[in-house]
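Here the structure comes first, spelled out in structure tokens, and everything after it is commentary.
Note: hydrogens, waters and symmetry copies are ignored here, and every other heavy atom, side chains too, is used. As the structure is a prediction and not an experimental result, all values here were calculated from the model.
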Amino acid sequence: GTATESTSWTGKIKIYKNALTYVNWELGSSDIVSAGEIFTTTKAEKSYRSSDYGEIYVETDPAGAIVSLDNDEKGVAPLIMENVLKGEHELSVFMPGFFRRTQKINITPGYRVNAYFKLALDESQKINSPTPAVGKEVSESTKLDKKYVLIQQTPEGWLRVRMDASINATEAAKVKVGQKYEFLEEKDGWYKIKFDGDKDGLVSGSFDEGWVSSQYSTIQE
């Protein structure tokens, strides 16, 4: 068909003997709103005693996306996952401000799936700074207004709270879906929240503050 408003894509792919190379690309009006993935299969670099396991290697553009396997966060790309059980899995990558990419993959024992994801910018996530009213002073009530973080739906029904704004940080607590917590600050796709004194809505944990991923939470006034 005709797609005169779409950008073009050129890239290098590797073809291996007796192996499948899969390329899927969705062209947008420019490179930053185009997305896609490339998958190749190679021999695993690690030798496994059991014949039931393989590996996954994930790269993303931009780098630093959160990698999930079967709805379980595994770390930040680039990332190698070893001892992955053979069979079908769901591989997903996400970065705040970009659209999530998800693909089904099949792990063959003794082999590595090499996955490259290009993420498309979500232009609807642009944040516009509020314009103050001209000639009016900010009222005391506005100064005292608090913001809250609402925990959105997750596959587990709860969300991990971490000690720092990182997927690799120590878990501080777990909070329930649908609960609101006081917003303290924001950093690189993470929200810092404060728990109520009575720990209402807390699944587990003994800390009063922590960081949650903006992927599963939103800020409300």
Side-chain angles (χ1 to χ4, degrees), residues 28 32-33 35 58 60 62-77 79 89-103 117 119-133 136-221:
I32 62 172
V33 293
V58 181
T60 62
I66 299 171
V67 180
S68 298
L69 185 66
D70 300 326
N71 293 320
D72 185 20
E73 293 180 1
K74 295 297 184 180
V76 175
L79 177 70
H89 298 269
E90 185 176 86
L91 182 63
S92 178
V93 296
F94 173 79
M95 176 177 284
F98 294 81
F99 288 105
R100 174 187 291 275
R101 302 293 298 179
T102 301
Q103 280 285 352
F117 289 90
L119 302 180
L121 184 69
D122 183 359
E123 295 183 306
S124 67
Q125 297 299 311
K126 291 180 179 178
I127 301 175
N128 297 317
S129 301
T131 304
K136 292 184 179 180
E137 295 183 358
V138 179
S139 65
E140 289 299 319
S141 61
T142 303
K143 291 180 181 179
L144 297 175
D145 281 347
K146 289 184 179 180
K147 291 184 178 180
Y148 295 88
V149 174
L150 174 65
I151 308 302
Q152 297 180 323
Q153 188 63 44
T154 68
E156 295 83 9
W158 47 263
L159 182 62
R160 287 186 179 91
V161 183
R162 300 190 183 274
M163 295 293 293
D164 198 5
S166 168
I167 189 68
N168 298 315
T170 303
E171 182 178 304
K174 291 187 178 102
V175 290
K176 294 179 181 178
V177 169
Q179 293 288 331
K180 289 183 179 181
Y181 300 91
E182 183 179 344
F183 169 78
L184 298 178
E185 61 178 294
E186 180 178 2
K187 181 168 67 174
D188 297 331
W190 293 81
Y191 299 140
K192 190 173 186 181
I193 61 174
K194 183 176 182 180
F195 310 130
D196 294 332
D198 58 3
K199 297 294 191 295
D200 183 33
L202 199 63
V203 177
S204 64
S206 57
F207 295 90
D208 294 328
E209 297 179 356
W211 296 83
V212 294
S213 171
S214 61
Q215 175 186 357
Y216 297 111
S217 56
T218 56
I219 295 179
Q220 295 185 342
E221 298 291 340

* Only counting residues at least two apart or in another chain, list the ones meeting side-chain contact (heavy atoms from CB on, under 4.5 Å) with Val76. => Ile167
* Structure fact -> Sorted by chain and residue number, the side chain to side chain donor-acceptor pair (under 3.5 Å) partners of Ser92 (sequence neighbours excluded) come out as Arg100, Thr102
* To do: Just jot down the side-chain contact (heavy atoms from CB on, under 4.5 Å) partners of Gln153, sequence neighbours excluded, or say none.
  => Val177
* To do: Could you check if a side-chain atom of Glu182 sits within less than 4.5 angstrom of a side-chain atom of Lys146, using non-hydrogen atoms only?
  => yes
* **Sub-4.5 Å side-chain heavy-atom contact between Gln179 and Tyr148** => no
* Structure fact -> Contacts of Asp188 meeting side chain to side chain donor-acceptor pair (under 3.5 Å) (sequence neighbours excluded), chain-then-number -> none
* To do: Using the test side chain to side chain donor-acceptor pair (under 3.5 Å), find all partners of Arg162 that sit at least two apart in sequence or belong to another chain.
  => none
* Asked: Do Phe117 and Leu91 have side-chain heavy atoms sitting under 4.5 Å apart?
  -> yes
* Listed by chain and number, what are the side-chain contact (heavy atoms from CB on, under 4.5 Å) partners of Leu150, not counting sequence neighbours? -> Lys180, Thr218, Gln220
* Reported NZ-to-CD distance for the pair Lys147 and Glu186, which is rounded to 0.5 angstrom -> 8.5 Å
* Gap separating the CH2 atom of Trp211 from the CD1 atom of Ile193, nearest 0.5 angstrom -> 11.0 Å
* Are the side chains of Leu121 and Phe98 in touch, meaning some heavy atoms are under 4.5 Å apart? -> yes
* How about Trp158 and Lys176: do any of their side-chain heavy atoms sit closer than 4.5 Å? -> no
* Separation between OH of Tyr216 and CG of Leu159, rounded to the nearest 0.5 Å -> 8.5 Å
* Asked: Roughly how far apart are Lys174 NZ and Ile151 CD1, rounded to 0.5 Å?
  -> 14.0 Å
* Over all heavy atoms of both residues, which pair between Met95 and Ala63 is shortest? Give the atoms and the distance, please. => CE-O, 3.1 Å
* Asked: Taking only residues two or more places apart in sequence or in another chain, which ones pass side chain to side chain donor-acceptor pair (under 3.5 Å) with Asp70?
  -> His89
* Closest non-hydrogen atom pair, Trp190 against Ser166 -> CZ2-C, 3.5 Å
* To do: Not counting sequence neighbours, which residues clear salt bridge (Lys or Arg N to Asp or Glu O under 4.0 Å) with Arg160? List them please.
  => Glu171
* Do any N or O atoms from the side chain of Ser214 and from the backbone of Ser217 form a donor-acceptor pair under 3.5 angstrom? -> no
